[in-house]
2 protein chains.
Amino acid sequence: MTLIPRHLPTRSSLRRHAHDTVEGHSAEGSTEQVVTHVRTQIESGALKRGDRLPAERDLASLIGVSRPTVRAGLRALSAMGVVRSRHGSGTFIPAGPPTLGSEPLSFLAALHGFTREEMYEARRLLEVGAAGLAAARATPDQLATIAEEVASLFASMNDPQKFLLHDISFHRAVAAASGNPIVVALVEMLSELYYGRRRETASQATEQNLRDSSEMHRRIYQAIRSGDVGGASAAMNEHLQKSSAYQAEEPSAATT
Amino acid sequence: MTLIPRHLPTRSSLRRHAHDTVEGHSAEGSTEQVVTHVRTQIESGALKRGDRLPAERDLASLIGVSRPTVRAGLRALSAMGVVRSRHGSGTFIPAGPPTLGSEPLSFLAALHGFTREEMYEARRLLEVGAAGLAAARATPDQLATIAEEVASLFASMNDPQKFLLHDISFHRAVAAASGNPIVVALVEMLSELYYGRRRETASQATEQNLRDSSEMHRRIYQAIRSGDVGGASAAMNEHLQKSSAYQAEEPSAATT
DNA sequence: AAGTCTTGGTGGTTAGACCACACTGGATTT
DNA sequence: AAATCCAGTGTGGTCTAACCACCAAGACTT
């Protein structure tokens, strides 16, 4: 038996042990405690959209962990979009519409080699349904937003990059008109992923492509406006399938 | 004028300045450098699924930041599911199928008060299409997996919790049969969100509910097996709409 | 009264140290 | 000789202490 024990209990380890005993959560890391704390505060209504979290130093003493640990938890929450830190001002819960962020999906795409066809297909499943819901529920304001984007599409047929931006905006507007915030978040996530990829090759689109695309967008809008659920779904379906087919024939299609 | 300048340029600030000059990335925080570094390594193929990242200390000296900063970046990547750290072993890129994780969506649900109907609707849009794809593409193995889950559903009609687990597994299996990894990831994300909520109220389901549900699952399977795209979609649509309606009539429905 | 400057509080980063865990390979034991 | 044990080494996890950069609001000056 050695005379000098290798692992003396330190202040921190004792504190940790006390926590385990009190909370009963088996093996919850200190960092997880921070995330759990914030989640609890949110679920209990103590933290709402737009609220500011306590300062990191205060959170540290409040939860009973060190500041770096608090920072680790907040960094994780920040990566999930739950929280957003502003240097010098504090850490806030974003107030805007629910958004998921496309970064995780973007990493997944790079790691698993998602193809353009798979991306279009996923968008198709989701947006065909979204267009149908929009046809049934769109408010006049939402219809106006969609109509504006259609107009912008026709107006930017000479600028593929600008066209792409309005293309995305159109699909977002349709999703918003579905009235379902989850659908909005999902469509936005996929749209951003698509935009990040398409941006590099958008200039390959011919003006004829853009003209046809504008026309298809217009048909989608008209179906939504007239409350034609089946027609809106069918038009969206046709649009996304044809767009995918167009891009498959572009020169750079082989690089995938 | 004070004799002692308050802000002397330090080594770190000088180094930071050099970075800005060299890279040209305006105002990219040190932590972002870590994320960007990993992303670059992934996109260049230097890091693949299952690979192990360099040790944090090595990454720190490699990128030119401190270890806590490296840890912050890795923590963010970990929250996005890009990376997973195992105490004592190292930091790895998960090797399994592409997954998004439902935690961000769960936070969003708590913050924005997503309703059960909205969750069911989002699932419906996605899974109706997924069922159609499955009918067109399912391999014999995938069909077998779906059939097994149907059998398990019938076998666990007396245990609502068990039934719920097989219910989720069934829908995951259908999504997997769609052959589209993005769809799989999205369906899984929504399914986990649904499971986390339904778990608490699953016991309220009557045996008649579970019997009907099993029967609907069976019909979905049969449509997929016979390659009936429209039938599979319609069956899935009916199933999710009826399930949503069932739950709306349960006693605890008012708590939402 | 308007502009400017100081001041306090906040997140961002660094440094060094130590602990807890996992794997590996040699020493010990059987 | 084989099985077992155990210490070493490397890894992520946490802590302490300190400083920097930024922001907003109050105090000061003009």
Side-chain angles (χ1 to χ4, degrees), chain A residues 1-2 4-20 26-35 38 51-79 83-93, chain B residues 1-2 4-20 26-35 38 51-79 83-93:
Chain A
M1 187 198 238
T2 57
I4 304 176
R6 206 167 304 265
H7 293 154
L8 281 173
T10 63
R11 187 162 118 237
S12 62
S13 63
L14 284 176
R15 185 199 301 158
R16 176 73 170 293
H17 201 67
H19 263 295
D20 289 348
S26 59
E28 181 179 59
S30 296
T31 298
E32 288 307 312
Q33 285 183 25
V34 179
V35 176
V38 174
D51 283 356
R52 197 188 113 176
L53 274 67
E56 294 178 351
R57 292 159 178 87
D58 297 341
L59 264 182
S61 66
L62 183 64
I63 304 178
V65 298
S66 71
R67 195 186 154 206
T69 301
V70 168
R71 283 187 60 72
L74 292 182
R75 179 70 66 175
L77 289 170
S78 176
V83 135
R84 183 178 163 143
S85 294
R86 283 194 314 215
H87 192 166
S89 302
T91 304
F92 300 82
I93 296 183
Chain B
M1 187 199 246
T2 58
I4 303 177
R6 210 169 301 263
H7 291 156
L8 282 173
T10 62
R11 186 163 119 237
S12 63
S13 63
L14 285 175
R15 184 201 299 159
R16 176 72 171 291
H17 201 70
H19 261 296
D20 289 347
S26 59
E28 181 178 58
S30 296
T31 298
E32 287 308 311
Q33 286 184 25
V34 179
V35 176
V38 173
D51 281 358
R52 198 189 111 176
L53 275 68
E56 294 178 353
R57 291 157 178 88
D58 297 340
L59 264 182
S61 65
L62 182 65
I63 304 178
V65 298
S66 70
R67 195 188 154 205
T69 301
V70 167
R71 283 187 60 72
L74 292 182
R75 179 70 65 176
L77 289 169
S78 176
V83 133
R84 183 178 163 142
S85 294
R86 283 196 315 219
H87 193 166
S89 302
T91 303
F92 300 82
I93 297 182

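Residue numbers begin at 1 in each chain, while the letters A, B, ... track the order of the sequences. What you are looking at is a predicted structure, and each value in this text was computed from that prediction instead of being measured.
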Exercise: do Thr69(B) and Ser30(B) side chains pair donor with acceptor under 3.5 Å: no
In terms of the nearest nucleotide of DNA chain C, which residue is placed more toward the 5' end: Ser89(B) or Ser89(A)? Ser89(A)
Can you tell me if Ser66(B) touches the phosphate of dT14(C), counting only side-chain N or O atoms and a distance under 4.0 Å to OP1 or OP2? yes
Quick one: side chains of residues 72-79 of chain A, donor-acceptor pairs under 3.5 Å with protein atoms, not counting sequence neighbours, listed by atom name and distance.
{"from": "Arg75(A)", "atom 1": "NH2", "to": "Thr31(B)", "atom 2": "OG1", "distance (Å)": "3.4"}

Separation of Leu53(A) atom CG from dT10(C) atom P, in whole Å? 12 Å
Nucleotide of dG11(C), dT14(C), dT16(D) approaching Pro68(A) most closely (side-chain heavy atoms): dT16(D)
The residue, Arg71(B) or Arg52(B), whose nearest nucleotide of DNA chain D is more 5′ is Arg52(B)
Between dG12(C), dG13(D), dT14(C), which one does the side chain of Val65(B) approach most closely? dT14(C)
Nearest-Å distance, CG (Leu59(B)) to P (dT11(D))? 11 Å
Could you check Arg84(A) against Phe92(A) for side chain to side chain contact (heavy atoms under 4.5 Å, CB included), going step by step and ending with a plain yes or no? CA-CA 5 Å; Arg84(A) 183 178 163 143; Phe92(A) 300 82; 5.5 Å; no
When rounded to whole Å, the CG to P distance for the pair Leu74(A) and dT10(C) reads 13 Å
Using the closest heavy atom to pick a nucleotide of DNA chain D for each, name whichever of Arg86(A) or Arg57(A) lands nearer the 5' end. Arg57(A)
For His87(A) and dC22(D), give me the distance from atom NE2 to atom P, rounded to whole Å. 6 Å
Answer yes or no: does a side-chain N or O of Thr31(A) lie under 4.0 Å from OP1 or OP2 of dT14(D)? yes
Closest to the Thr91(A) side chain, choosing from dG13(D), dG11(C), dC15(D): dG11(C)
Select base, sugar-phosphate, or nothing to describe what Arg84(A) touches, counting heavy atoms under 4.0 Å on all strands. nothing
Among dT14(D), dT11(D), dT13(C), which is the nearest nucleotide to the side chain of Arg75(B)? dT14(D)
Under the salt bridge (charged side-chain N to carboxylate O under 4.0 Å, His left out) rule, what pairs show up with a residue in residues 59-74 of chain A, not counting sequence neighbours? Glu56(A)-Arg67(A), Glu56(A)-Arg71(A)
Quickly work out the Arg67(B) CZ to dC15(D) P distance and round it to whole Å. 13 Å
Expressed as a whole number of angstroms, how long is the span from Glu56(A):CD to dC22(D):C1'? 14 Å
Asp58(B) CG to dT11(D) P, in whole Å, measures 6 Å
Please determine whether a side-chain nitrogen or oxygen atom of Thr69(B) lies at a distance below 4.0 Å from atom OP1 or OP2 of dG12(C). no
Nearest 0.5 Å, what's the CZ-CD1 distance between Arg52(B) and Ile93(B)? 12.5 Å
